[in-house]
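Written below as structure tokens is the structure these notes are about.
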Amino acid sequence: NLMRIHWLAHGITPETVIARLTQLRIVSPPTEDVVSNIEASWKKRQHPSNVIFSLLAASDRLTGFDCEAGVVPVDYTGLIDRLLRISKGGFEAVSQHVDKVTRESEVRFIYNQKAYTFAAKDFGDWYDVDAVIRGLNGALNHAGAEERFLLPYTGDQTCIVIFAPE
């Protein structure tokens, strides 16, 4: 609600946000259908996060998942493959090894032809989301990339992940 108040108090509209995010190359120029859907949604609810998330989703810079995988051990390769679809390339070859004693997962991947590894703790059927994001962002940082995987607060057990300049 605070964001909505801020937008309304400062005359921020979906059109100004579309223009600014496009100018900053955070999102691709949206199609007329996307703009039309955003405008219709805005007229109904005036919810800023709907505008932003719609733009990010239309530009393939947004994904989401349930932090509770429902299986043990959790499948980090599948989760990372999902995240990499919004990353605009450079990542490849994800593998996972689960230690039989500690049940900690060692996750390996390649970014820009360099191998990286990170450890993910065993939380039963819950992902170690912090380890995944730290691992992927560590590779991006090391390579000098300007983008990062960002986690906006959701207030529940779902994760929304945005891939955008930091």
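For clarity, every value in this text was computed on a predicted model and none was experimentally measured. Sequential numbering from 1 along the given sequence is applied to the chain's residues.
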Worksheet item: Got more than 12 heavy atoms from elsewhere within 6.0 Å of NZ, K121?
Response: no
Worksheet item: With distance as the sole test, does S54 use its side chain to make a donor-acceptor pair with the main-chain N or O of N50 at under 3.5 Å?
Response: yes
Item to complete: Give, for atom CZ of F163 and atom CD of E147, the distance between the pair rounded to the nearest 0.5 Å.
Response: 4.5 Å
Worksheet item: Going from OH on Y127 to CG on D66, what distance comes out if it is rounded to the nearest 0.5 angstrom?
Response: 8.5 Å
Worksheet entry | Within 6.0 Å of CD in E32, more than 12 heavy atoms from elsewhere | no
Worksheet item: Hey, quick one: are F65 and L62 part of the same hydrophobic cluster, counting side-chain heavy atoms closer than 4.5 Å, chains of contacts allowed?
Response: no
Response to the item:
Scanning both residues in full, the closest heavy-atom pair of G124 with V74 reads O-CG1, 3.8 Å
Worksheet, complete the sentence: Heavy-atom closest pair (C67 atom, V129 atom, distance to 0.1 Å) is SG-CG2, 4.0 Å
Worksheet item: Would you say the side-chain atoms of D33 and T31 include a donor-acceptor pair closer than 3.5 Å?
Response: no
Item to complete: Using atom types as modelled and distance alone, determine if a side-chain donor or acceptor of R4 lies under 3.5 Å from a backbone N or O of Q46.
Response: yes
Fill in: For the student: nearest non-hydrogen atoms of S87 and F149, plus distance
CB-CZ, 3.7 Å
Item to complete: Sequence neighbours left out, what passes side chain to side chain contact (heavy atoms under 4.5 Å, CB included) with E15? Give chain and number order.
Response: T13, E39
Worksheet item: Between CD of E92 and OH of Y111, what distance do you get to the nearest 0.5 Å?
Response: 11.5 Å
Worksheet item: Does atom CG of L24 have more than 12 heavy-atom neighbours, drawn from other residues, nucleotides or ligands, at distances under 6.0 Å?
Response: yes
Worksheet item: Which heavy atom in S49 sits nearest to a heavy atom in M3, and how many Å separate them?
Response: N-SD, 4.3 Å
Discussion item. Please check: side-chain N/O of R148 versus main-chain N/O of A145, any donor-acceptor pairing under 3.5 Å?
Written reply: yes
Item to complete: Please report the C-alpha distance between F91 and L140 in whole Å, then the side-chain angles of each, then the deciding distance to 0.1 Å, and finally whether the side chain to side chain contact (heavy atoms under 4.5 Å, CB included) criterion is met.
Response: CA-CA 10 Å; F91 287 94; L140 291 164; 4.0 Å; yes
Worksheet item: Can you tell me if R82 and T63 form a side-chain donor-acceptor pair at under 3.5 Å?
Response: yes
Fill in: Ring-face cation contact, Y116 with K114, 6.0 Å cut, 45° max
yes
Practice prompt. Measure from the side-chain N and O atoms of H6 to the backbone N and O of L2, and report whether any donor-acceptor pair falls under 3.5 Å.
Written response: no
Discussion item. Can a donor-acceptor pair be found, under 3.5 Å and without considering hydrogens, that links the side chain of S59 to the backbone of S28?
Written reply: yes
Discussion item. Return the CD1 to CG distance between I38 and L55, rounded to the nearest 0.5 Å.
Written reply: 4.0 Å
Worksheet item: Between I26 and L56, what is the shortest heavy-atom contact and its length?
Response: CG2-CD2, 4.1 Å
Worksheet item: Strictly by modelled atom types, are Q96 and T77 linked by a side-chain donor-acceptor pair under 3.5 Å?
Response: no
Worksheet item: Looking only at heavy atoms, what is the nearest atom pair of T102 and D99, with distance?
Response: N-OD1, 2.8 Å
